[in-house]
Amino acid sequence: NNKYEQYFDAYNVMSESKYSDDVLSRYLRMYQMLEYMAFRRALADMTKGNIKENGFVRNVINKASKGSNSELEELKKGMRGILPDLSSIINPTDITADIDAFIKDRLMIKNENHDNARLWQVVYQLRNSIVHNKESELHFMYANTNVYEPGINLMKLLIEKLEPEIVDAINDSTKTLLEFSEQKIRVY
């Protein structure tokens, strides 16, 4: 019942991830899948509803105006109903003392609760720290992996827990939030 032909972009990223030799690339590919799914959901939402006459334009303006300027909030909103609550995927016992210290001291996340909000902030902040690599943030390099060992273990944990959930979301025929109902969209 799945519309697998709609996910060819996702399969390309998943393939890149599968053949990644290092944890940084693998983590970034996993995050790319999360972004892709959240964006695709926004696009799919825009194609649903009243599309008679000028309805499509009104529908797009209505949905776009409800968006947030926060990437993190848009990501969380886009993944709602697609992935389970992250605190149900990642157990509190999975977060070692070293990883917890890394989250507090290196990622500078103040929330100490084991909840969905904190875990999404960890996923997002870890990605930003790798991609932006600003002076005040992390400087992951092959030469200093021992300095960031808890961060590397955190990435491995997130990959281990989230990648199967991403695959399950695509394979679950009851989750249709990412799918377009037809191949064409009538834009009157």
Side-chain angles (χ1 to χ4, degrees), residues 7 9-42 68 70-134 136-142 144-172 175 177-178:
Y7 295 101
D9 289 340
Y11 298 139
N12 289 338
V13 175
M14 291 166 74
S15 179
E16 286 176 24
S17 177
K18 182 178 178 181
Y19 295 106
S20 251
D21 290 338
D22 64 283
V23 70
L24 291 176
S25 295
R26 182 94 183 240
Y27 183 80
L28 291 175
R29 293 299 155 270
M30 182 201 70
Y31 189 88
Q32 187 179 359
M33 281 297 303
L34 295 172
E35 278 185 325
Y36 167 80
M37 292 168 88
F39 177 67
R40 184 177 173 96
R41 179 179 186 173
S68 166
S70 167
E71 286 180 62
L72 175 57
E73 290 308 312
E74 285 298 309
L75 180 66
K76 290 186 330 188
K77 184 172 103 180
M79 297 310 296
R80 202 170 297 128
I82 295 171
L83 291 185
D85 188 297
L86 295 188
S87 63
S88 70
I89 300 169
I90 300 163
N91 298 316
T93 55
D94 294 332
I95 308 290
T96 65
D98 287 345
I99 290 175
D100 197 45
F102 179 86
I103 291 168
K104 290 176 194 169
D105 302 336
R106 296 290 186 146
L107 296 180
M108 295 177 271
I109 295 175
K110 304 293 182 232
N111 179 357
E112 294 186 22
N113 299 324
H114 185 80
D115 59 16
N116 200 46
R118 179 185 194 216
L119 293 169
W120 273 114
Q121 193 174 8
V122 167
V123 168
Y124 178 73
Q125 186 61 30
L126 188 55
R127 175 261 183 200
N128 284 353
S129 297
I130 296 165
V131 171
H132 298 299
N133 206 5
K134 295 178 183 169
S136 63
E137 295 177 349
L138 310 177
H139 296 279
F140 287 109
M141 291 183 255
Y142 293 108
N144 71 349
T145 54
N146 60 333
V147 174
Y148 293 108
E149 189 173 342
I152 293 166
N153 290 336
L154 175 59
M155 280 186 271
K156 288 178 180 177
L157 172 66
L158 292 170
I159 290 166
E160 174 191 325
K161 298 291 185 166
L162 293 180
E163 277 186 347
E165 294 295 335
I166 291 168
V167 172
D168 287 349
I170 292 172
N171 285 333
D172 186 344
K175 293 186 179 181
L177 294 171
L178 302 176

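Quick caveat: nothing in here was measured; it's all calculated off a predicted structure. We use all heavy atoms of the structure for the numbers below, so side chains are in, but hydrogens, waters and symmetry mates are not.
Under the side-chain hydrogen bond (donor to acceptor under 3.5 Å, both in side chains) criterion, Arg40 pairs with Gln6, Tyr36, not counting sequence neighbours. Partners of Gln121 under the side-chain hydrogen bond (donor to acceptor under 3.5 Å, both in side chains) rule, at least two apart in sequence or in another chain, do not exist in this structure. Every residue was checked against the side-chain hydrogen bond (donor to acceptor under 3.5 Å, both in side chains) condition with Asp168, not counting sequence neighbours, and none meets it.
Proximity of Leu126 to Ile103: side-chain heavy atoms (C-beta onward) are nowhere separated by under 4.5 Å. In this structure, the side chains of Ile170 and Met33 come closer than 4.5 Å at one or more pairs of heavy atoms. Here the side chains of Leu157 and Ile95 are in contact, with some heavy-atom distance below 4.5 Å. Counting heavy atoms from C-beta on, the side chains of Glu149 and Phe102 never come closer than 4.5 Å.
With hydrogens and angles disregarded, a donor-acceptor distance shorter than 3.5 Å links the side chain of Asn116 to the backbone of Leu86. The closest donor-acceptor contact from the side chain of Lys175 to the backbone of Ala169 lies at 3.5 Å or more, if one exists at all. In terms of modelled atom types and a separation under 3.5 Å, the side chain of Asn113 and the main chain of Asp115 share no donor-acceptor contact.
No more than 12 heavy-atom neighbours from other residues, nucleotides or ligands sit within 6.0 angstrom of CG on Asp21.
For the atom pair CG of Leu75 and CG of Leu34, the computed distance is 6.0 Å after rounding to the nearest 0.5 Å. Taking CG of Leu158 as the reference point, atom CG of Leu119 lies at 8.0 Å (rounded to 0.5 Å). In this structure, NE2 on His114 lies 5.5 Å from OG on Ser87, to the nearest 0.5 angstrom. Residue Ile159 holds its CD1 atom at 6.0 Å from CE of Met30, rounded to the nearest 0.5 Å. Atom OH of Tyr27 is separated from atom CD of Glu163 by 11.0 Å, given to the nearest 0.5 angstrom. Glu35 contributes atom CD, which lies 7.0 Å from atom CD of Glu71 (distance to the nearest 0.5 angstrom).
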Does the pair Leu72 and Gln125 meet the rule for a side chain to side chain contact (heavy atoms under 4.5 Å, CB included), with working shown?
CA-CA 9 Å; Leu72 175 57; Gln125 186 61 30; over 6 Å; no

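Within the structure, the salt bridge (Lys or Arg N to Asp or Glu O under 4.0 Å) test picks out no pair touching residues 79-91 (sequence neighbours left out). Sorted by first and then second residue, the pairs that involve residues 152-162 and meet side-chain hydrogen bond (donor to acceptor under 3.5 Å, both in side chains), not counting sequence neighbours, are Asp94-Lys161.
Taking 4.0 Å as the cut-off between side-chain N and carboxylate O, Arg118 and Glu112 do not count as a salt-bridged pair. Residues Asp100 and Lys104 are paired through a salt bridge, judged by an N-O separation under 4.0 Å between the basic side chain and the carboxylate.
Classification of the Tyr124-Tyr31 ring pair by plane angle, with boundaries at 30° and 60°, yields tilted.
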Side-chain atoms of residues 9-16: list all donor-acceptor pairs with protein atoms under 3.5 Å, sequence neighbours left out, distances to 0.1 Å.
| unit_1 | atom_1 | unit_2 | atom_2 | d |
| --- | --- | --- | --- | --- |
| Glu16 | OE1 | Arg29 | NE | 3.0 |

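Heavy atoms only, all atoms of each residue included: Gly78 and Arg41 are closest at O-CD, 3.1 Å.
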